Every structure is written in structure tokens, then in C-alpha cells.
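The block underneath contains the structure these notes are about, expressed in C-alpha cells.
Residue numbers start at 1 and run along the sequence shown. Keep in mind the model is a prediction, meaning the values are calculated, not measured.
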Amino acid sequence: MNRPFRLVTLLAVAAASVVVQVGTAAADDWDCPFPAIDSVYAYPQTPAATLLSGRVDPSPGCPSHAVIGRIDGSEQIAVGDGFFELPLDTRSGDWYLSAYTMGDETRTFEPVAPYVVKVLNLTRITSTAPPMPEPIPYGSIVHVSGVFEGWTAATGWQPMGGRGLSIVTGNGVDGHQPVPTMTDSSGAYSLSVRVYNSFAGGAYFPGDDTWLHAGSFSDVQVHGLVSVDVTDWTPAVGQRILVTGKVAPGAVPVWLERQVGTEWVKVSATVTATGRGHYSLAYRPTTRGLQHYRVWNDGTEPISRMGVQPYSKEFKLAVHR
């Protein structure tokens, strides 16, 4: 049976673009390799924006500063930690990343790709799938759907048909690959996928030279799986038994608990399941009678509970003298 977890998620997307003067802080105490710069782009954060918010991608996550210059050499602006602002009427090719500094290293660049600033149009993906308030089993099939739209000042929001999206199924490192899909002529997508992580099921558009990347939020939550077998379901007091089985995902903490009154008490050491999910717990019953136990799968990310949530499997032993 599942221990109830009510996960309250605060999704804060902070996109604050500030022009920062070059400071004196260095990255000497940070593990900050010089980033491989993939692109430099700017976009209106909302249709009502009065400036373009710019970003050097990927943002290094470490103290840095840079210089954005006009292609014609007439103007330069300072960039703080990869973020900057440009006038609303800026066009692609007007500006470029001329210099980037991290720690004691400064590199300069020519006004060629990927250092030329691209001005991108807004996009958004609106999910139309119903919410799923309760956690579902790891690997369950869920239906996902939504609409992909793009915005320009001339047209406003318009559906984006024939665009490739990917549906997230895992956490990006667990081997569960995104599922590709295409929007129809109305910008809609609709399909079923298996999900292996909480908040999987969202759609993602990677962006291109015209349109900004976008993603949709999925509130689906996923709990782990547990199976149980016991070497002797009717052991004697003090007899050593093995509780074995499989959990999903693999490589998670597992332990045995016994119900004492209304409380669950841990009665075994914590073991880590194998990568394939196999576990083995040794136990010696201490009292006779019909006793209630459960194997606890602690899931992933035990602090935030943002990944695969805990789950348990209950069973009984008839212990004799």
C-alpha cells in the first residue's frame, strides 16, 4: 500500500534580464570551465515587453561578464552572467557577442554564428490534458495533448502546425528517451506515452533560428513499484528468512518495516537495489503470531520528492514458536 504523499510544487520561471557593469568578483573558487557557447539570442518576454531580453546559451551558472557589440562597431553593452537587454526594434544580425570572461580567461569572437545575436519570436505550448491528482505507477501510460502557438507583432498568437515536439518520459538521465510527435494543422498534438518520472509528460519545442524554445508543464506524479517474495511465510521465532523481490526504478533504497500498533517500525538495514531492481533483505522474527510487514521503496530524490515517489508492498507472516 502506498504512503500518501501530497507534493506541492512551486514552479518559478525567473527570466530577469539586467545590464550589469563589469565587477571585480572572480570565479577562482568555483569549478567553472569556460562554456561552449551554442547561441546568443534575444526575445520579448511577453507580447507587451518594451525591451528584448537576451541570453548567452548555455548560461554557465558561474560568475561571468561579457560584451555585446553592434556589428557596425558603433556601440557596446555590458553583459552580466549571460543576460542582457536590447532595444525592442533590434533585428537579427544587429549585435554580436564580442568578448566573454570567466575567471581569469577572456575570449573574443568575430561577428559570425553562433556569436551573432538572433532575435526570436515567442512560442508557447498549452497543455489540454486533464490533471492527474494522484500518483500513478512507474511506467504507466498517460495521454498527453496540447496546442503549440507562436507570436509575432504582426499576427499575434497563431497555431504552429507541422512542428516537431518531444514528449518527456523520464528525468533526462535515466535512459527513457523523449517521444517525438508532430503538431497538426491547428497546432495540436495528442498521443499516449509511458512515463517514468514525476512531471514527465510535458512537451518541448527546441527552438530554431526564428522561434524561441518552449515547454509545457505536466502535473503527473509517479510512484515506484515493489514485488515481494519470502523464503518462508510461516517461520519460527528467531528463524532467518530472506525477503526478496524487485523494485522499480532500480538502484533505490529499500528496507523492511513491521506494523506495531498503528505505527510502522523499520526492522532491517537499508539496502540499495541493483540497477535491474533486485533486492534481498534478511530478517529474524522476534515474536509469534500473525504479523504485518511491508517492503519500502524509497524512490528517488528523497529530499525534494520531485522524481519517483516512494511506494510499499504489504504482506503478512504467520510466526510460530
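Between the side chains of Y311 and Y138, not a single donor N or O lies within less than 3.5 Å of an accepting N or O. With hydrogens and angles left out, the side-chain atoms of H143 and S190 include a donor and acceptor closer than 3.5 Å. Between the side chains of T155 and Q158, no donor N or O sits under 3.5 Å from an acceptor N or O. Checking T101 against E105 by side-chain atom types alone, no donor-acceptor pair falls below 3.5 Å. T244 and S280 share no donor-acceptor pair across their side chains, judged by distance under 3.5 Å alone.
The aromatic ring centroids of Y100 and F109 lie 6.0 Å or more from each other.
For the pair E149 and R124, the salt-bridge criterion is met [side-chain N within less than 4.0 Å of a carboxylate O].
N197 has its side chain out of reach of H176: every pair of non-hydrogen atoms, C-beta onward, lies at least 4.5 Å apart. Side-chain contact between V252 and D298: absent, with no pair of heavy atoms (C-beta onward) separated by less than 4.5 Å.
Geometrically, R107 engages F34 in a cation-pi contact, judged by NZ or CZ lying under 6.0 Å from the ring centre and within 45° of the ring axis.
The line from CG of D72 to CG of D94 is 8.5 Å long, rounded to the nearest 0.5 Å. Once rounded to the nearest 0.5 Å, the distance linking CD1 of I141 with OG of S192 reads 7.0 Å.
Partner P44 forms a side-chain contact (heavy atoms from CB on, under 4.5 Å) with one of L120, L212, L122 and no other, that one being L122.
When every heavy atom of W151 is checked against every heavy atom of W211, the shortest pair comes out as N-CZ3, 3.5 Å. Nearest heavy-atom pair across D208 and T210 is OD1-N, 2.8 Å.
Residues satisfying the salt bridge (charged side-chain N to carboxylate O under 4.0 Å, His left out) criterion with R284, sequence neighbours excluded, are absent altogether.
Side chain of T231 to main chain of L242: a donor-acceptor pair is present (N/O by atom type, distance under 3.5 Å, no hydrogens or angles).
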